[in-house]
Amino acid sequence: MARHEYPELNLPARVLLSTGPTNVHPRVYKAMQTPVIGYAEAAFFPVIDGISSMLAEVFQTRESRTMALSATGSAGVEAGLASLLEPGDTAVIGSYGFFCERMAETARRLGANVVTVKGEWARPLDPQALADELKKHKSVKLVAMVHAETSTGISQPLEDASRMAKEHDALFLVDAVTSLGGSEIAVDRWGIDYISSGSQKCLSCPPGLAPLALSPKALNAMNGRSSPPATFYMDLSLIANYWGGDRAYHHTPPTSSLYALYEGLRIVLEEGLEPRFARHRRNAAALRAGLEALGLTVISHKDHRLPQITPVAIPDGVDDARVRARLAADYGIEISRGLGQFAGKIWRIGLMGEASAAGNLLLFLSALEEILPQEGFEAPAGAGVAAASKALATP
Ligand SMILES: Cc1ncc(COP(=O)(O)O)c(C=O)c1O
């Protein structure tokens, strides 16, 4: 029998300025070396309880149940939709980017009657468009929005949509994959019934967990369904039983990922929510100043920019893939390409969690200053780093 040799893993270290995953905090890696023990052992429960109460702080909720689904960000959204919607229910979904469209497609596949309210990409959705659509329907089960549209770099205000959902006695569901831990989310104050995120963005953990919060109204809706959801694994009423008091077995949770999330959340709370959000805002503003000084255009609406993701137009004649490959090969920097209608037209630069650091954005700008002129775009040497440094030095 042929014997195969497999080399030891030896992947390059990267500065992850992509849309995720982002750099994992060293303390999180260390926590992942904690011995794996059984999920039904009393010694493990403080991990579960700690994650749940730290998530309540980060989601700013006293009313909702908080937990983490053993799956990525997409599954967090899908679990919410699958657990709340029954076939034939009407879901009204804001559509202003790639992840909004995916959410609508997910709900469609679950058999819901999906109505999308279309907005322009890289602009927030006009609440009036949502109000006009809602008026057309007698019964709406759920209104859903993406808080941080990673594909366009837009931060979508949520309070108007939440109020309108309540006026129609509908549940309000939010995708916060890119926002949790990087910008404010106030679940109780904003009246959110279901919200989910991902471990790999502003929480600086590896991918694989979807932190979430479920309001009492959402739990009631799950318990009052006429039939159980088609998915067993992502039935949140069953998962809530493990995270709640009785620790009922549902599946074997990914122990080491939960250790990671526990430590990641400790780091978020040690820094403090407002200082952490301010750091994300400050670094994003410096990055924008640098990019604009190089003659590049940030395409997201100026009043609704996401601090986590900066979408920038690729200058005419510059090869998208070649610039990204050079950033990785010569500087060890990853950035992301455009998605959907922005594919080939923009780069998306992430500054999330640990990766949102002055040193990272200055390195990136100086790399662009070297690469862009060689790729046919005349960027004034030193201007990007100078503008960003000035912005960083401005209180
Ligand atoms: C806004 C948004 N929603 C959902 C997802 C999907 O998350 P995941 O790739 O972890 O499944 C992403 C991932 O980038 C995202 O940015």
- [ ] Give the minimum heavy-atom separation between S204 and T22, together with the two atoms involved.
- [x] CA-OG1, 4.4 Å

TODO: Please tell me if the side chains of M103 and M145 come closer than 4.5 Å, counting only heavy atoms from C-beta onward.
DONE: no

Task: R109/E78 salt bridge by N-O under 4.0 Å criterion - done: no

Task: Lys/Arg-Asp/Glu bridge criterion (N-O < 4.0 Å) met for E167, R163 - done: yes

TODO: Verify the cluster assignment for M352 and L362: are they in a single hydrophobic cluster under the rule of side-chain heavy atoms below 4.5 Å apart?
DONE: no

Task: The single option from Y249, F45, F44, W243 passing ring-ring contact (aromatic ring centres under 6.0 Å, His included) against Y39 - done: Y249

Task: Separation between CD1 of I349 and OG of S18, rounded to the nearest 0.5 Å - done: 11.0 Å

TODO: Decide yes or no on side chain to side chain contact (heavy atoms under 4.5 Å, CB included) for R305 and S155, but give the supporting numbers first.
DONE: CA-CA 6 Å; R305 282 178 175 153; S155 173; over 6 Å; no

TODO: Would you list the pairs meeting salt bridge (charged side-chain N to carboxylate O under 4.0 Å, His left out) in which at least one residue belongs to residues 37-57, sequence neighbours left out?
DONE: D49-R247

Task: Name of the residue among D193, L85, V114 meeting side chain to side chain contact (heavy atoms under 4.5 Å, CB included) with L142 - done: L85

Open item on the list: Through direct or indirect side-chain contacts below 4.5 angstrom among Ile, Leu, Val, Met, Phe, Trp and Tyr, which residues connect to V36?
Closed with: none

Task: Minimum-distance pair of heavy atoms, taken over all atoms of T152 and G97 - done: CG2-CA, 4.2 Å

Open item on the list: Taking the side chain as everything from C-beta on, heavy atoms only, tell me whether D132 gets closer than 4.5 Å to K135.
Closed with: yes

Task: Closest approach of A31 to T34 (non-hydrogen atoms, all atoms of both residues) - done: O-OG1, 2.6 Å

Task: Geometric class of the W190/H147 ring pair [parallel <30°, tilted 30-60°, perpendicular >60°] - done: perpendicular

Task: Over all atoms of both residues, closest heavy-atom pair of R123 and I154 - done: N-CG1, 3.7 Å

Open item on the list: Can you classify the ring geometry of F232 versus H250 as parallel (below 30°), tilted (30 to 60°) or perpendicular (above 60°)?
Closed with: parallel

Open item on the list: I'd like to know if R189 and E184 make a salt bridge, using a cut-off of under 4.0 Å between side-chain N and carboxylate O.
Closed with: yes

Task: Apart from V177 itself, residues in the same hydrophobic cluster as defined by side-chain heavy atoms under 4.5 Å - done: none

TODO: Taking the side chain as every heavy atom from C-beta outward, state whether F59 and T66 have any atom pair closer than 4.5 Å.
DONE: yes

